[in-house]
Amino acid sequence: MEHTVVDRGLEGVVVGSTVLSNVEGLEGRLTYRGYDIHDLAQNASFEEVCYLLLFGQLPNTFQLEDLNVRLKANRMLPHALIKWMQTTPKDAWPMDVVRTIVSGLAEFVPHLEDGSHESNPRAAIHLIAKTPTIVAAWDRIRRDLEPIEPLPDLSTAANFLYMRTGETPTKIAEKALDVYLVLLADHSYNASTFAARVTASTRADIFACATSALAALEGDLHGGAPGKVMKMILDIGKPDRAEAYVHQLLARGERVMGMGHREYKVRDPRAQHLEKMAKELGASSDPKWYEIARSLEDAANKIFQAEKPGKRIYANVEFYTAPTLYSLGIPADEFTCMFACGRMAGWTAHILEQLGDNRLIRPQAAYTGPPVQAYVPIESRSSAKPNGATKKAEGAA
Ligand code: ACO
């Protein structure tokens with residue numbers, strides 16, 4: 001073990017290949033199957049990106065229409081799952097509910113003889129179509145409202161907003177959410193996608209893999225960050241308080257959420273589109289959230305430059321996600337669920353890619369425990385009581 005190199009965070013370690021997306025962190029470039037994210041954000045819909053990821057090319061009109069028909073046909077949730085949500089405590093954490101219901105979808109899909117489900121584009125579309133319906137349904141149920149069924153003629157983005165409020169969204173709101181979903185759709189071997197691929201590598205089915213991905217997404221070093229970015233923005237309250245806030249945060253040893261990235265050593269290329277959306281949405285509602293975010297980013301850049309030179313910590317995708325989604329009326333504790341709505345496209349494409357050329361992912365660990373030792377019978381072990389053990393045991397009895 002003396003010469004074993006341990007890469008705790010797998011930083012820079014290449015563990016597989018993919019044709020789906022490429023992150024070039026030093027240049028700040030992200031491409032999906034060779035298409036630059038800037039082109040896609042400006043021109044493509046989320047549905048086109050889903051087609052690109054799942055089927056390998058941008059769709060023509062007929063292919064896109066076919067996908068839209070399939071998404072629409074799959075949006076409704078099984079009644080039993082709606083009922084389950086209606087009996088769930090209203091203060092349940094939204095990501096806990098979404099992860100559980102996505103897992104539960106498997107129970108309503110016919111399974112194979114061995115208990116697994118077919119992992120194919122049909123199942124992927126099923127998951128991509130239903131995830132926003134789950135998020136919107138829980139959003140209403142937790143507010144004591146009846147869930148609203150999806151409308152067949154609306155896009156994924158417009159339908160989500162409609163299912164939350166019962167009102168057809170404005171064009172600018174639909175566009176903002178659509179761009180968000182496009183930007184979040186894939187990001188190579190990020191933690192949640194890797195979790196999905198590890199699960200797929202055991203030949204688990206697509207529902208099991210999607211559930212793994214959802215579980216890995218939740219933490220604030222990954223998809224759990226934007227809710228905390230919003231908390232910072234709300235705490236700051238006014239743009240001119242941002243600098244003092246960042247100083248206090250860092251003095252407490254905390255991190256500025258939505259900043260820094262394992263791969264990007266420049267500003268995340270997705271941030272500029274989300275910043276634009278946050279600004280535009282702010283102009284037609286309340287500009288405050290965007291303005292505080294902007295001033296927070298400036299303050300953090302200035303302070304990082306002075307206090308952590310060389311660390312290259314810049315805004316990541318989550319930073320302007322917060323004012324964008326908040327301006328759309330989405331509560332901060334549902335932001336990670338929104339991430340899941342977009343990333344389900346990438347997760348499912350990665351799961352199918354993994355299954356198409358599979359090898360069990362099974363790394364090694366450097367053992368740092370005691371050397372080989374003989375088994376000691378229980379009557380020969382030390383009889384000393386660990387602190388508090390008796391109390392606990394008695395309490396339990
Ligand atoms: N605030 C303050 N300091 C930071 C931040 C930050 N946001 N990000 C990195 N640093 C500092 C660390 O304290 C560390 O400094 P040190 O060497 O003096 O101890 C140094 O930069 C390197 O940090 P690591 O955690 O080793 O870098 P890593 O590559 O693992 O960081 C991460 C990536 C986890 C995203 C980090 O930047 C972070 O915690 N950011 C805040 C949370 C966040 O925004 N998460 C969402 C990420 S995007 C996504 O997953 C979609």
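Counting starts at 1 for both ligands and their atoms, following the listed order.
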| field | Interatomic spacing from CD in E149 to CE in M76 - rounded to 0.5 Å | value | 3.5 Å
| query | Of all the non-hydrogen atoms in the protein, which one sits nearest to atom 36 (C) of ligand 1, and at what distance? | reply | R255 NH1, 3.4 Å
| request: Determine, using ring centers only, whether H222 and F194 are less than 6.0 Å apart. | output: no
| said: Please report whether atom 27 (O) of ligand 1 has a protein non-hydrogen atom at a separation of less than 4.0 Å. | reply: no
| field | Ring-ring centroid check H187 H261, cutoff 6.0 Å | value | yes
| field | Whether F319 lies under 4.0 Å from ligand 1, heavy atom | value | no
| task | Please check if a non-hydrogen protein atom sits closer than 4.0 Å to atom 38 (C) of ligand 1. | result | yes
| request: Identify which of M257, H187, M259 has a heavy atom lying nearest to atom 7 (N) of ligand 1. | output: M259
| Enumerated ligand 1 atoms positioned under 4.0 Å from heavy atoms of H261 | 33 (C), 37 (O), 48 (S)
| said: For N190 and T193, which I'm curious about, is there any donor-acceptor pair between the side chains at under 3.5 Å? | reply: yes
| message | So if I count the atoms of ligand 1 from 1 in the order they appear, which ones are less than 4.0 Å from some heavy atom of K311? | response | 15 (O), 16 (P), 17 (O), 18 (O), 20 (C), 21 (O)
| atom 48 (S) of ligand 1 within contact range, any protein heavy atom under 4.0 Å | yes
| query | Among protein heavy atoms, which sits nearest to atom 19 (O) of ligand 1, and what does the distance come to when rounded to 0.1 Å? | reply | K308 NZ, 4.9 Å
